[in-house]
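Here is the structure we will look at, set down as structure tokens.
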Amino acid sequence: MTAVVYWFRNDLRVSDNPAFTQACVQTDKVLPAYVHDPKHDAQTQWGFERMGAHRKVFLAERLQDLSLQLKALGYELTELRGSPKDALSAFAKKLNTAHIYCEDIAAPEEQDEVAALKACGLKVETLWQSSLLEPADLPFDVRNLPAVFTAFRNKVEKLALKPRDVLSLKADLPESSAERHLKNYFAADFALTYKQTRNQPMNWSPEEHFSTKFSPWLACGALSAPVIYAELKRFEAERGANDSTYWIWFELLWRDYFRLLHLQHGKKLYRKQGLGSVELAKVPDNRQGLKRWCEGRTGEPLVDAGMRELAATGWLSNRMRQVVASYLIYDLQGDWRAGAAWFESQLIDYDVYSNQGNWLYIAGRGTDPRGGRRFNPKMQAQQHDAGGKYQQFWSDIE
Ligand SMILES: Cc1cc2nc3c(=O)[nH]c(=O)nc-3n(C[C@H](O)[C@H](O)[C@H](O)COP(=O)(O)OP(=O)(O)OC[C@H]3O[C@@H](n4cnc5c(N)ncnc54)[C@H](O)[C@@H]3O)c2cc1C
């Protein structure tokens, strides 16, 4: 009998999970595991913990959802502690197997984890599955990904590329929180006005959604991008397609673009100079500025409101992410990698590709031909918080 370990990484779902399905189909016995790596509890070089409390709570809840779903299919999720190499090799040995299946993650640390498992003699089968579109369906090799997002989107849209079909599971599973969110979002008509509302700084009532809030579920893999696409198409067929419903697809393409950028450039995206050819001069970090920024005490009201919201909730709208990131880089002369590390610590939707890609983009260290995006916080406040309601709301939070 062939038994294998299925290592859940950022794919915490059983529905529409090609890598998990492959393991179940190709082998006789699948033993699902998740690894809590203590390196996420450690301090970063910038002086704060790598995974903050909001992320930890969100992850624990998603593991509970996953565990219930696996149970309904007759599997038991084992949560391990240690580095993936140590924890998984000991687990595999105990179960008398040397075979691991998992999803492929194209970021340096995650690639190193797989390499370390292979180096200790385990057979590791990885499968790429976190994008909306399959890299193999693109009309170019990822090494030739266009340097500009619009060129990439035009190529995709010219060929009318679609995601792969959603894998259907013939089993009655308990509905996960992710599936409930997806259903609730499309049950109302928010998608019809998404393009007009998406730059709002926050929701003003719990029933409202100015943006989709799909990101936390996508980041941990509780929802797959093709499942979201299928729901979007179902919604358009029932309620009509418009500029706003198109714009949800458009934003999901940005998510793919940053994934493909990792497949194209790998480790280069993690240098201080990013994709720039010139190594940057060593200037002292503005550590005091970074601390004030993290705490929401810069003295710039819109920036402070955003940073307080992030620390209090583990979430921030896209527009506010742009404003606070720009402020750290251009006004405080901070290191963009420190900002990216703070977002990694705080955001419940932390996603290595989107976080790194967006920070590089704003810092002008990615592929953007305009070379960086500076947002003037006073003008942003006038445009997106004219009455000061958002700034007032978060100024009251200590
Ligand atoms: C500095 C900075 C850091 C960021 N870090 C992350 C991160 O760690 N994780 C993350 O998921 N997103 C990140 N983003 C992108 C974006 O801000 C969030 O995806 C979005 O705000 C999530 O809210 P939503 O799901 O309601 O998005 P919506 O506006 O409803 O968009 C729908 C989906 O499209 C995708 N998307 C939208 N905008 C972007 C974008 N700019 N880049 C990539 N994908 C996008 C997301 O998957 C999102 O769920 C970052 C943006 C900036 C400026």
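Ligands are counted one by one from 1 in listed order, and the atoms in each one are counted from 1 as well.
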Can the ring centroids of [X] and [Y] be said to lie less than 6.0 angstrom from one another?
X    : Y    : value
F235 : F186 : yes
Y361 : Y257 : no
F214 : Y185 : yes

One line per pair, note the atom names and distance for all nitrogen or oxygen contacts under 3.5 Å between ligand 1 and the protein.
| from | atom 1 | to | atom 2 | distance (Å) |
| --- | --- | --- | --- | --- |
| ligand 1 | 5 (N) | N355 | OD1 | 3.1 |
| ligand 1 | 8 (O) | D351 | N | 3.1 |
| ligand 1 | 9 (N) | D349 | O | 2.8 |
| ligand 1 | 17 (O) | N318 | OD1 | 2.7 |
| ligand 1 | 21 (O) | N318 | N | 3.4 |
| ligand 1 | 25 (O) | T212 | OG1 | 3.4 |
| ligand 1 | 25 (O) | K213 | N | 3.4 |
| ligand 1 | 25 (O) | F214 | N | 3.1 |
| ligand 1 | 25 (O) | S215 | N | 3.0 |
| ligand 1 | 25 (O) | S215 | OG | 3.3 |
| ligand 1 | 26 (O) | S211 | OG | 2.6 |
| ligand 1 | 26 (O) | T212 | N | 3.3 |
| ligand 1 | 26 (O) | K213 | N | 2.7 |
| ligand 1 | 29 (O) | Y194 | OH | 2.5 |
| ligand 1 | 30 (O) | T212 | N | 2.8 |
| ligand 1 | 30 (O) | T212 | OG1 | 2.6 |
| ligand 1 | 31 (O) | Y194 | OH | 3.3 |
| ligand 1 | 38 (N) | E251 | OE1 | 3.1 |
| ligand 1 | 41 (N) | N358 | OD1 | 3.1 |
| ligand 1 | 42 (N) | N358 | ND2 | 3.0 |
| ligand 1 | 49 (O) | S215 | N | 3.1 |

Open item on the list: Closer than 3.5 angstrom, by distance alone: can the side chain of T245 be matched with the main-chain N or O of A241 as a donor-acceptor pair?
Closed with: no
TODO: Count the heavy atoms of every other residue, nucleotide or ligand shown that sit under 6.0 Å from CD of E238, and state whether that count exceeds 12.
DONE: yes
- [ ] Scan F48, Y350, W359 and name whichever one has a ring pair (Phe, Tyr, Trp, His ring centres under 6.0 Å) with F343.
- [x] W359
